[in-house]
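Data block below; observations after.
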Amino acid sequence: MAQIDDLPPLREVIRAHNLDARKALGQNFLLDLNLTSRIARSAGDLSNVTVLEVGPGPGGLTRALLAAGARKVVAIEKDQRCLPALEEISSYYAGRLDVIEADALTIDPREITEGPIKIVANLPYNVGTQLLLNWLTVEDWPPYWESLTLMFQKEVGQRIVADPKSKAYGRLGVLANWRCYTDILFDLSPKAFTPPPKVTSAVVQLYPREAPLPCPLKALETVTAAAFGQRRKMLRASLKALQPDAGARIEAAGLKPTARAEEIDVAGFVALAHAFS
Ligand code: SAM
């Protein structure tokens, strides 16, 4: 098997530190060095950025990021049991890995990093979407991060890159594609993980658009939540709870009140956000 450093193989690390995977923490570990290295390489040049990794676990992807030349990795891990294994990596790559024991949902990455950052992670499935929404809905744009290279369940990946009129198109796709260029880079079979999850995973990449259409963020969140919350209904019905004169506002946005959410593209939702703000 490929060797990226002189640290013990990951299976040995897991055994030595009794890191039996816990479902409640979304623990499906990626032990194949070819795959962890492929994800690290996908994030591009890491020599001038801090990499923020959420959920390093036993440290497979962490090691790949450091071996790929990351200037600095800051890793947030909720499971205390993983800390000794991560400490070994930190000693090996002296000064280049900081590990923070915390729930990533409660942390503002700007408070624990300096300079430009790229976020790279094999995300825990139970909080992955919320973390992405947190990173996408920051007030200032362009955001504090240069790119996101993230592993999700494939179904979530498809929702992130979805086009209008597709089954996967929804709120997540509108918010992601309003502000970012999105792409699925490659899929990973359940067999790549220990233990194997039930579904295929996908690595998704997001780069901030330089100039997304100007839009009131809160209104976009509200309108997309209402419209896709009742996606089979016509907009005049699904948006009525937001404003009694929903029909007139939809027309003011240049759209048909009889249209359904999945027919409206990102520019249409931006127009709706203005009309309902
Ligand atoms: N990066 C490792 C890999 O690729 O093998 C582990 C990935 S595993 C899918 C998700 C990791 O996220 C686990 O180590 C888990 O303990 C951690 N985790 C779960 N919830 C978390 C949270 N809210 N904040 C930080 N880490 C979390």
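Whatever order the structure lists them in is the order used to number ligands and atoms, beginning at 1.
Put simply, the side chain of Lys118 never gets that close to the backbone of Val49: no donor and acceptor are under 3.5 Å apart. At least one donor-acceptor pair closer than 3.5 Å links the side chain of Arg179 to the backbone N or O of Leu136. At distances below 3.5 Å, at least one donor-acceptor pair connects side-chain atoms of Ser277 with backbone N or O atoms of His274.
The CD1 atom of Ile119 lies 5.0 Å from the CG atom of Leu148; values are rounded to the nearest 0.5 Å. The CD1 atom of Ile264 lies 9.5 Å from the NZ atom of Lys256; values are rounded to the nearest 0.5 Å. Interatomic distance, Leu25 CG to Glu77 CD, rounded to the nearest 0.5 Å: 7.5 Å.
Atom numbering of ligand 1 starts at 1 in the shown order; those under 4.0 Å from a heavy atom of Glu53 are 1 (N). Within ligand 1, counting atoms from 1 as listed, the ones closer than 4.0 Å to a heavy atom of Ala102 are 24 (N), 25 (C). Distances below 4.0 Å separate heavy atoms of Asp79 from the following atoms of ligand 1: 16 (O). Taking every heavy atom of Phe29 and a limit of under 4.0 angstrom, the matching atoms of ligand 1 come to 5 (O), 6 (C). Distances below 4.0 Å separate heavy atoms of Gly57 from the following atoms of ligand 1: 14 (O). Interface of Leu30 with ligand 1, defined as ligand atoms under 4.0 Å from a residue heavy atom, comprises 3 (C), 4 (O), 5 (O). Atoms of ligand 1 found under 4.0 Å from any heavy atom of Ile76 (numbered from 1 in listed order, with element): 25 (C), 26 (N).
Here's the thing with Gln27: one of its N/O atoms is less than 3.5 angstrom from an N/O atom of ligand 1. Where the criterion is an N or O separation shorter than 3.5 Å, residue side chain and backbone included, Gly55 meets it with respect to ligand 1. Geometrically, ligand 1 and Asn126 share no nitrogen or oxygen pair separated by less than 3.5 Å. Of the N or O atoms in Ala104, one or more lie within a sub-3.5 Å distance of an N or O in ligand 1. Here's the thing with Asp103: one of its N/O atoms is less than 3.5 angstrom from an N/O atom of ligand 1. When only interatomic distances are considered, the shortest N/O to N/O separation between Leu61 and ligand 1 does not fall below 3.5 Å.
Using 4.0 Å as the threshold, Pro56 has a heavy atom nearer than that to some atom of ligand 1.
Contact annotation for Ala121 and ligand 1: no heavy atom of the residue comes within less than 4.0 Å of the ligand. Counting heavy atoms closer than 4.0 Å to ligand 1, residue Met151 contributes nothing at all. Proximity of Pro58 to ligand 1, defined as any heavy-atom pair under 4.0 Å, is not found for any part of the residue. The proximity of Asn122 to ligand 1, defined as any non-hydrogen pair under 4.0 Å, involves the side chain as well as the backbone.
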side-chain contact (heavy atoms from CB on, under 4.5 Å) between Leu132 and Leu123, worked out: CA-CA 10 Å; Leu132 174 61; Leu123 290 174; 5.6 Å; no
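Tracing side-chain contacts under 4.5 Å through hydrophobic residues (I, L, V, M, F, W, Y), one reaches Leu242 starting from Phe269; they form part of the same cluster.
Looking at atom 16 (O) of ligand 1, its nearest protein heavy atom turns out to be Glu77 OE2, 2.6 Å.
With a 4.5 Å cut-off between side-chain heavy atoms of Ile, Leu, Val, Met, Phe, Trp and Tyr, the cluster of Tyr207 takes in Tyr181.
Between Thr224 and the choices Leu272, Val266, Val174, the side chain to side chain contact (heavy atoms under 4.5 Å, CB included) rule is met once, by Val174.
Residue pairs meeting the side chain to side chain donor-acceptor pair (under 3.5 Å) criterion with at least one member in residues 141-153, sequence neighbours excluded: Thr149-Gln205.
Across Ala21, Pro197, Pro124, Gly26, heavy-atom proximity to atom 20 (N) of ligand 1 is greatest for Pro124.
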